[in-house]
Number of protein chains: 2
Amino acid sequence: MTESGQNTRKRPTGRRTGDSGTRDAILDAARDLFADLGFDGASIRAIAAAAGVDPALIRHFFGDKETLFASTVADRTAIPQRLVDALTGDPAQLGRRVTDTYLKLWEDPETQPVLQALVRSATTSDRAAAMLREVLGARLLSQEILPGFDEDRIRRLAICASHLLGIAVARYIIKLPAISALPRDALMDEVAPTIQRYLTGQHQ
Amino acid sequence: MTESGQNTRKRPTGRRTGDSGTRDAILDAARDLFADLGFDGASIRAIAAAAGVDPALIRHFFGDKETLFASTVADRTAIPQRLVDALTGDPAQLGRRVTDTYLKLWEDPETQPVLQALVRSATTSDRAAAMLREVLGARLLSQEILPGFDEDRIRRLAICASHLLGIAVARYIIKLPAISALPRDALMDEVAPTIQRYLTGQHQ
DNA sequence: CGAGGATTTCCTCATTCGTGGAATTAAAGT
DNA sequence: ACTTTAATTCCACGAATGAGGAAATCCTCG
């Protein structure tokens with residue numbers, strides 16, 4: 001135990017030597033905490049503690065909490081793109097492709113925390129709700145993104161998005177046993193035909 | 001001017017004469033604030049202010065915040081029952097009946113705030129998530145409540161619940177324009193056939 | 001009418017939070 | 001070598017929060 005005195009040891013101030021990937025450590029911790037606790041629930045102090053860093057550093061790098069949140073969810077912009085990609089290709093497999101892509105996004109440890117942070121925060125924070133609205137509305141459900149989709153198809157695509165959103169909320173946020181206990185394949189088999197019907201328009 | 005002095009007039013302490021429906025006023029204010037801001041977002045002080053009452057009264061009547069929340073969402077137990085009722089009757093109209101009942105629950109000014117409070121809080125507060133799980137799981141998706149439903153039908157009913165939950169989240173929480181702009185009839189026409197298919201089992 | 005309980009207010013306490021300032025050390029630029 | 005910039009810490013402030021104590025007022029029951 002050498003000596004070390006009190007357990008409240010003062011850490012040295014000033015810049016660290018070498019390249020400390022502190023900024024990324026903050027982003028990682030923030031991503032995880034926002035995913036688990038939502039925007040309001042995850043405090044700057046808790047994020048800093050998880051990153052092993054002083055809270056003031058967060059302010060130094062990101063300015064304020066909203067910017068930090070935006071930084072953690074931004075850049076994973078590949079998420080809407082992957083879904084858009086799944087919309088193109090063999091129409092016979094459309095439902096399976098979209099559902100599979102979506103469910104895998106919610107299982108991928110890279111993208112899952114971001115989605116969870118967005119959804120969990122969107123119900124409480126207006127800012128996060130606006131972000132999710134923007135992602136869903138402007139980057140997915142618009143005619144610029146989906147050329148050739150008429151209004152009717154976009155409307156049914158929006159209903160698909162709601163369906164899949166509900167599945168994710170039940171499975172990963174509320175953790176409803178009847179849904180979260182299902183293996184992905186079983187969920188796929190149930191949901192994919194519905195998505196297929198919504199998207200290909202034989203819906204009556 | 002007699003005296004009366006400052007505009008910060010102290011309100012008289014002690015019991016009011018007559019029957020002041022204060023407890024109900026608190027419950028009403030709590031219902032609305034929980035619906036708008038969620039469990040964490042709605043502070044005891046804000047609820048008290050909305051009810052025109054001292055914060056300590058809430059503690060006096062309900063003890064702590066969780067009990068207050070539980071009291072506001074309890075008693076509206078009619079909600080799961082109405083859905084269960086919709087499940088019985090002419091099987092040909094099943095999808096329409098369930099969807100109609102559900103969408104009306106989300107428009108009824110009596111039940112809407114409760115649903116909104118539950119959903120909005122469930123993503124942040126573990127306690128609220130447990131409540132929603134209990135309502136959905138034990139009071140709706142169990143074989144005691146739905147005699148004669150085998151496991152496969154209950155599983156597909158859970159997927160229905162997720163679909164409808166997603167619709168409500170998109171429409172009333174995130175306020176996704178593509179969904180919230182739709183009139184109820186249009187939404188019905190799109191969604192009811194899907195619910196019908198899930199529930200009657202011709203799902204492949 | 002008097003005693004006990006219910007209703008209501010005010011004040012206080014300990015925490016927690018987001019934000020900001022000031023100081024210290026290392027790196028980068030000239 | 002000297003100056004500027006970047007990274008890092010500690011400390012503090014003001015606001016808000018949930019919880020609780022103490023007193024005042026009214027009602028009810030004997």
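Numbers restart at 1 for each chain; the letters A, B, ... are given by sequence-line order, proteins then strands.
- Residues from residues 36-44 of chain B placing a heavy atom under 4.0 Å of any atom in DNA chain D, listed by number, are S43(B), I44(B).
- Within residues 116-127 of chain A, no residue has any heavy atom closer than 4.0 Å to DNA chain D.
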Got a list of side-chain donor-acceptor pairs under 3.5 Å for residues 122-132 of chain B, not counting sequence neighbours?
| unit_1 | atom_1 | unit_2 | atom_2 | d |
| --- | --- | --- | --- | --- |
| T123(B) | OG1 | T123(A) | OG1 | 2.5 |
| T123(B) | OG1 | R120(B) | O | 3.4 |
| T124(B) | OG1 | T124(A) | OG1 | 3.4 |
| S125(B) | OG | R127(B) | N | 3.3 |
| S125(B) | OG | A128(B) | N | 3.1 |
| R127(B) | NE | E66(B) | OE1 | 3.2 |

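- Within the structure, no pair that satisfies the ring-ring contact (aromatic ring centres under 6.0 Å, His included) test touches residues 131-160 of chain B, not counting sequence neighbours.
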Tabulate below the donor-acceptor pairs under 3.5 Å that side-chain atoms of residues 43-60 of chain A make, not counting sequence neighbours, or state none.
| unit_1 | atom_1 | unit_2 | atom_2 | d |
| --- | --- | --- | --- | --- |
| S43(A) | OG | A46(A) | N | 3.0 |
| D54(A) | OD1 | A56(A) | N | 2.8 |

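- With ring centers used as reference points, Y102(A) lies 6.0 Å or more from H163(A).
- The phosphate of dA19(D) (OP1 or OP2) has no side-chain N or O of R59(B) nearer than 4.0 angstrom.
- dC17(C) atom P lies 11 Å from atom CG of L33(A), rounded to whole Å.
- Looking at heavy atoms from C-beta onward, I159(A) lies in side-chain contact with I167(B) at the 4.5 angstrom threshold.
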Pick out the pairs of N or O atoms, protein on one side and nucleotides 4-6 of chain D on the other, that lie under 3.5 Å.
none

Could you go step by step and tell me if E107(A) and Q112(A) meet the side chain to side chain contact (heavy atoms under 4.5 Å, CB included) rule? CA-CA 6 Å; E107(A) 285 185 357; Q112(A) 198 257 3; over 6 Å; no
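- In the set dG20(D), dT9(D), dA19(D), the nucleotide with an atom closest to the side chain of D64(B) is dA19(D).
- Side-chain proximity of L57(B) to the nucleotides dG21(C), dT9(C), dG18(C) is greatest for dT9(C).
- Relative orientation of the F69(A) and F39(A) rings is perpendicular, given thresholds of 30° and 60° on the angle between their planes.
- In this structure, T22(B) does not reach the dT7(C) phosphate: none of its side-chain N or O atoms is under 4.0 Å from OP1 or OP2.
- Of the candidate nucleotides dT9(C), dA19(D), dA12(D), dT9(C) has the atom lying nearest to any side-chain atom of V53(B).
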Audit row: R153(A), D150(A), salt bridge (Lys or Arg N to Asp or Glu O under 4.0 Å) steps and yes/no: CA-CA 5 Å; R153(A) 267 190 94 181; D150(A) 59 4; 5.5 Å; no
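- Side-chain N or O atoms of Y172(B) include none that pairs as donor or acceptor with a backbone N or O of Q116(B) at under 3.5 Å.
- Taking CG from L68(A) and CZ from F34(A), the interatomic distance works out to 4.5 Å, rounded to the nearest 0.5 Å.
- One N or O donor and one acceptor, one from the side chain of R45(B) and one from the base of dG18(D), sit under 3.5 Å apart.
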